[in-house]
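Below is one structure, written out as structure tokens; the observations come after it.
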Amino acid sequence: MGKNHIKLLNNLEQMRKSCGLTQQELSVRAEVSRKSINAIENGVYVPSTVLALKISKTLNCSVEDLFILP
């Protein structure tokens, strides 16, 4: 993981909750582990482009709605 990942912010938890999904439900729909969703929400893990696209499609939003570079 690159050194610049610390600057990446995300709105995943807010977007997930606004869709009425638990971490588990999102993980099943995005075909990833619940632990990965948790790690992304806590800023510990930066998802791959493919995973970011899967999550955004599942939540019916853009990748830019989920992840922000300040």
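Numbers here are sequence positions counted from 1.
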*Dump the intermediate steps for side chain to side chain contact (heavy atoms under 4.5 Å, CB included) on Gln24 and Ser27, then the final yes or no.*
CA-CA 5 Å; Gln24 182 62 37; Ser27 71; 3.8 Å; yes
*For Leu69 and Leu9, what are the C-alpha separation, side-chain angles and deciding distance, and is it a side chain to side chain contact (heavy atoms under 4.5 Å, CB included)?*
CA-CA 6 Å; Leu69 280 175; Leu9 304 174; over 6 Å; no
*Given the rule in the side chain to side chain contact (heavy atoms under 4.5 Å, CB included) test, do Phe67 and Ile40 qualify, once you have shown the distances and angles that lead to the verdict?*
CA-CA 10 Å; Phe67 303 99; Ile40 295 167; 3.8 Å; yes
*Ile68/Leu8 under side chain to side chain contact (heavy atoms under 4.5 Å, CB included): CA gap, chis, key distance, verdict*: CA-CA 6 Å; Ile68 303 106; Leu8 183 69; 6.0 Å; no
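Without hydrogens or angle criteria, Asn10 side chain to Leu12 main chain gives a donor-acceptor distance under 3.5 Å. Judged purely by atom type and a 3.5 angstrom limit, Asp65 has no side-chain atom pairing as donor or acceptor with the backbone of Cys61. Of the possible polar contacts, one joining the Ser56 side chain to the Ala52 backbone as a donor-acceptor pair under 3.5 Å is found.
Counting heavy atoms from C-beta on, the side chains of Arg16 and Glu41 come closer than 4.5 Å. The closest side-chain heavy-atom distance from Ile37 to Tyr45 is not below 4.5 Å.
Salt bridge Arg29/Glu25: absent, no basic N to carboxylate O contact under 4.0 Å.
Taking CG of Asn38 as the start and CD of Gln23 as the end, the distance is 4.5 Å to the nearest 0.5 Å. Taking CG from Asn60 and CE from Met15, the interatomic distance works out to 8.5 Å, rounded to the nearest 0.5 Å. Rounding to the nearest 0.5 angstrom, the gap separating the OG atom in Ser18 from the CD atom in Glu13 is 11.0 Å.
No chain of hydrophobic side-chain contacts below 4.5 Å, direct or via other Ile, Leu, Val, Met, Phe, Trp or Tyr residues, connects Val28 to Leu26.
Across all non-hydrogen atoms, the minimal contact from Leu51 to Ser48 is N-OG, 3.1 Å.
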